[in-house]
Number of protein chains: 2
Amino acid sequence: MNNLPDKTVERLSQYRRSLNNQLAKGKTHIFSHEIANLLHITPVQVRRDIMLIGYSGTLRKGYDIQDLVNLIGQIIDTDNGQNIAVIGMGNLGKAFIHYLYEKRTKLKIVAAFDVNPDKINKSYADVYCYHMDQLEEIIAKESIKIGIITTPPEAASELADRLRDAGLKGILNYTPKPLSEREGVYLEEYDMITSLEKVAYFVKNK
Amino acid sequence: MNNLPDKTVERLSQYRRSLNNQLAKGKTHIFSHEIANLLHITPVQVRRDIMLIGYSGTLRKGYDIQDLVNLIGQIIDTDNGQNIAVIGMGNLGKAFIHYLYEKRTKLKIVAAFDVNPDKINKSYADVYCYHMDQLEEIIAKESIKIGIITTPPEAASELADRLRDAGLKGILNYTPKPLSEREGVYLEEYDMITSLEKVAYFVKNK
DNA sequence: TTAGAATTGTTAAAAATTTAACAACAAATT
DNA sequence: AATTTGTTGTTAAATTTTTAACAATTCTAA
Ligand SMILES: NC(=O)c1ccc[n+]([C@@H]2O[C@H](COP(=O)([O-])OP(=O)(O)OC[C@H]3O[C@@H](n4cnc5c(N)ncnc54)[C@H](O)[C@@H]3O)[C@@H](O)[C@H]2O)c1
Ligand SMILES: NC(=O)c1ccc[n+]([C@@H]2O[C@H](COP(=O)([O-])OP(=O)(O)OC[C@H]3O[C@@H](n4cnc5c(N)ncnc54)[C@H](O)[C@@H]3O)[C@@H](O)[C@H]2O)c1
């Protein structure tokens, strides 16, 4: 199950989120068009994605939500979860820690790092903040494989090297400075301004 | 210039960001492959996008950065900028306000809204936070056209209706609850968990 | 018990996006 | 002055992603 289209992988994550909500409401089965409504995409796309991961629903009864959630888990989770570090315990770093803390997911933020003495050696939402000097040590000890960069942009590039050298395999960069690719490290970037300017463009032109 | 592919619009925003950095460093001209490196995409894609917006560089000299920045501005900005509101002055709301405050862009956050008395009637990074009761009034007064939702997810759906009724044309939803489409309102969603699970998937499978 | 409605799974078609290929030509080098 | 090198702009091809179409099947209810 390792040749799924990129876009399908993204949607699987969203399916699971919505499906869990439905489960919480006591629903056990769901139709493709219901999932589609939840995510405002088309039912065909839902059915096709589900086909690609090799799951089958029952005709006229829909998909068993729990089964589907489990299967998605098998595909996108690792068996015992993956440990994550946040580097830069500012507004954004805190927002993410707080956010992930509320969800129970296999992705777990197990450490934060900063250089500011005010932030260090304290916990925020159960995540302990270490000094940057301990970066390599803690990454090794906690076998952290993914890092989220929320420092000021100036620090990002050097930091990414350090993370790579410490053995990280994935980096999520929220800094507005785009990073160059590093061999063996999957890189994902996000800049809010891109989203915002996209909205602005469509507001202007539609 | 209003039939650009979605993906090109997204990239234009990123081009501008990087180009401005280069300008700041005193560079005046740039080659397609340099832009490509900055964003880790291919030079062809850069050239093609630039072609689509109708700009021409000079052979063997590259693109005039200032001209290109100006042209991108003409395409994605409105003439006198666009006013934005943030609803929900928590960690994430603050992070965005702080972030946009530092950039000089035509997109300007002119108001924040919250229900918590601790947050109301104070300014954060020059943005004044109003009580939700004043939402419609301030939106009209400041002719706000775009809203960023950073409240708890429970509030999102009702809020989106209220924003639509108040005349907003674009909504950026950072709440993990996907909103349904509203006639006449461009909607963009972002959920960090999707990015994170995508990284986790590729870390696991590559 | 038959006809009609609803829903899945899948193949095929369409649309969107990215990549390749290369002609044109300016600048640098011989 | 001739040749090589580097770079753009653009058309065409390839790839990826979305949408359409529909056969198969189950349920509902006439
Ligand atoms: N991509 C987006 O959508 C988006 C949105 C908002 C902010 N941002 C960016 O995210 C980053 C953080 O934003 P914020 O509002 O949380 O800023 P912030 O100033 O609140 O937080 C930055 C934190 O990083 C720490 N830090 C500074 N240098 C460091 C270093 N070398 N190593 C480790 N930690 C260091 C600081 O002590 C601080 O705690 C900024 O780069 C900002 O531009 C991005
Ligand atoms: N999409 C993402 O990547 C991402 C990341 C982190 C957090 N989040 C989400 O963003 C939202 C905000 O996160 P946060 O960490 O800033 O939370 P927070 O609790 O710090 O902030 C929420 C703010 O909204 C205010 N609020 C509550 N109800 C409101 C209402 N009805 N109207 C107006 N304001 C109201 C609260 O007073 C508070 O100030 C949450 O929904 C969270 O799940 C999303």
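Chain letters run A, B, ... following the sequence lines, proteins first, then strands; residues in each count from 1.
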Run the side chain to side chain donor-acceptor pair (under 3.5 Å) test against [X] and tell me which residues pass, sequence neighbours left out.
{"X": "A:Glu34", "result": "A:Lys27"}
{"X": "B:Asp126", "result": "none"}
{"X": "A:Tyr186", "result": "none"}
{"X": "B:Thr194", "result": "none"}

I'd like a table of atom pairs between the protein and nucleotides 25-27 of chain D - only N or O on both sides, under 3.5 Å - with the distance next to each one.
none

ask   = Relative to the 5' end of DNA chain D, which residue comes earlier, A:Thr8 or B:Tyr63, by the nucleotide with the nearest heavy atom?
value =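 Of the two residues, B:Tyr63 wins.
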ask   = Which two nucleotides bound the region of DNA chain C that has atoms under 4.0 Å from heavy atoms of chain A, read 5' to 3'?
value =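 Footprint of chain A along DNA chain C, 5' to 3': C:dA5 to C:dA12.
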Pairing residues for A:Ala166 by the side chain to side chain contact (heavy atoms under 4.5 Å, CB included) criterion, not counting sequence neighbours =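 A:Glu136, A:Ile139.
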key: Residues which pass side chain to side chain contact (heavy atoms under 4.5 Å, CB included) with B:Val46, listed by chain and number, not counting sequence neighbours   =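 If we apply the side chain to side chain contact (heavy atoms under 4.5 Å, CB included) test to B:Val46, skipping adjacent residues, the hits are B:Tyr15, B:Ser32, B:Ile35, B:Ala36, B:Ile41, B:Ile50.
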request  = Identify, with sequence neighbours excluded, every residue that meets ring pair (Phe, Tyr, Trp, His ring centres under 6.0 Å) alongside B:Tyr99.
outcome  =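 Testing B:Tyr99 for ring pair (Phe, Tyr, Trp, His ring centres under 6.0 Å), a comparison that skips the adjacent residues, returns none.
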request  = State which residues pass ring pair (Phe, Tyr, Trp, His ring centres under 6.0 Å) with A:Tyr128; sequence neighbours excluded, sorted by chain then number.
outcome  =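 Expected list: A:Tyr130.
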Nearest-Å distance, [atom1] ([X]) to [atom2] ([N])?
{"X": "B:Arg47", "N": "D:dT7", "atom1": "CZ", "atom2": "P", "result": "10 Å"}
{"X": "A:Leu52", "N": "D:dT19", "atom1": "CG", "atom2": "P", "result": "15 Å"}
{"X": "B:Asp6", "N": "D:dT17", "atom1": "CG", "atom2": "P", "result": "15 Å"}
{"X": "B:Lys7", "N": "D:dT18", "atom1": "NZ", "atom2": "P", "result": "8 Å"}

task = Please check the phosphate of D:dT8 (OP1 and OP2 only) for any side-chain N or O of B:Thr58 closer than 4.0 Å.
result =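 False: B:Thr58 side-chain N/O out of range (4.0 Å or more) of D:dT8 OP1/OP2.
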Nucleic acid contacts of residues 26-46 of chain B, taken as heavy-atom distances under 4.0 Å to DNA chain C =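 Contacting residues: B:Thr42, B:Val44, B:Gln45.
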query = Would one find more than 12 heavy atoms of other residues, nucleotides or ligands at under 6.0 Å from atom CD of B:Glu181?
reply =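 Above 12, so yes.
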inquiry  = For B:Lys204, is the NZ atom crowded, meaning more than 12 foreign heavy atoms sit under 6.0 Å from it?
reply    =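 Yes, the 6.0 Å shell around NZ holds more than 12 heavy atoms from other groups.
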inquiry  = I'd like to check the salt bridge (Lys or Arg N to Asp or Glu O under 4.0 Å) partners of A:Arg60; sequence neighbours left out, ordered by chain and number.
reply    =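 Expected list: none.
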